[in-house]
Amino acid sequence: MMLKSKHLIGLEDFPISDLNKIIDTSFKFKQILDSPGRKINLLKGKTLVNMFFENSTRTKISFTLAEKRLGADSINFSATGSSVKKGETLKDTVQNIESMQIDGAIIRHSHPGAALKLTEYIDGSVINAGDGSHEHPTQAILDMVTLKEKFGKIKNLKIGIIGDILNSRVARSNIFGLKKLGAEIVVCGPSTLLPNDVTKLGINVTHNVDEVLNWCDAVIVLRIQLERMHLGRIPSTREYHRTFGLTYERVNKLKKDITVMHPGPMNRGIEIDSTIADSKNAVILDQVLNGVASRMSILYLLLGDKSKKL
Ligand code: CP
């Protein structure tokens, strides 16, 4: 272990020294990903299990790729097609998998707290790949790597976060992480999609998208969770697009360039226009590549052997 922490459950209580170490080491892994072999066997002999109880494209693929690039053995477990469908509990599922000699587990689950619970059931390191609306720390770390790559720093950066802050684990992890590293944050969205105690997070709030866009260096646009539309928190997707969408017209009238980020998956034409998502100011696909480097860094620092130097 090369960090103070054994697990990565969330950024709220994660040591700043560990966070900085992960971000800085991600750039070394990025160089490896850019080299001809793209591989370094720092986790050879380690076995990891990717446990996805919820759907994922980016996080699951990038963890799998990061494990392969590090020379680890990995198993992919999906709730669909497993004995979870016969009623097996999380505890039994995990303990059965662990008895097959696992060194670490990556878990995505719809219940906030699932990753923390897992630390009680297994001896190895646990990495939270998203637990309900609680935290998605590895997404926030790859976002911070992308910001540092673009701006050379995070301290004093002005970051706008637009959208469904209430239900977003990405927003929560970014708020905790970015604040720790000295960024200024303004969140923007309809009041129905902001937590009641949002200002307790030490950030500013606006309901005016143009205001936040004129202020920020970079904007993180969040996905409108269409699966929650039945709760009636927004009148319609068309109304949301008009009032809070990152539209071509809004971005085009700004007096400066801003960096556009989105964790994916995107609803093109709702929270973001395709012309903006595909524009030169968007770093959305850079975020995805940085996701592999960041996850290599996290895995290496949590599970690697100190004697195997990078
Ligand atoms: N950003 C993110 O978590 O994407 P996936 O749901 O595809 O993993």
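When a ligand or atom number is given, it counts from 1 through the structure's own listing order. Just so we're clear, the structure is a prediction, and the values are computed from it rather than from any experiment.
Residue pairs that meet the ring pair (Phe, Tyr, Trp, His ring centres under 6.0 Å) test with at least one member in residues 59-112, sequence neighbours left out, are Phe53-Phe77, Phe53-His109, His109-His111.
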Could you list the donor-acceptor pairs under 3.5 angstrom formed between side-chain atoms of residues 116-124 and any protein atom two or more places apart in sequence or on another chain?
from   : atom 1 : to     : atom 2 : distance (Å)
Lys117 : NZ     : Glu120 : OE1    : 3.1
Thr119 : OG1    : Leu116 : O      : 2.5

Using residues 33-48 as the side-chain source, report each donor-acceptor pair under 3.5 Å to any protein atom, sequence neighbours left out, with the distance given to one decimal.
from  : atom 1 : to     : atom 2 : distance (Å)
Ser35 : OG     : Ile32  : O      : 2.6
Lys39 : NZ     : Lys68  : O      : 3.1
Lys46 : NZ     : Leu303 : O      : 3.4

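The residues lining ligand 1, counting any heavy atom closer than 4.0 Å, are Ser56, Thr57, Arg58, Thr59, Arg108, His136, Gln139, Pro263, Gly264.
Look at Lys180 and Asp18 and you find no salt bridge, because none of the NZ, NE, NH1 or NH2 atoms lies under 4.0 Å from a carboxylate O. With respect to the salt-bridge test (charged N to carboxylate O, under 4.0 angstrom), the residues Arg250 and Asp210 qualify. Salt-bridge check for Lys280 with Asp257: passed, with a basic side-chain N closer than 4.0 Å to an acidic carboxylate O.
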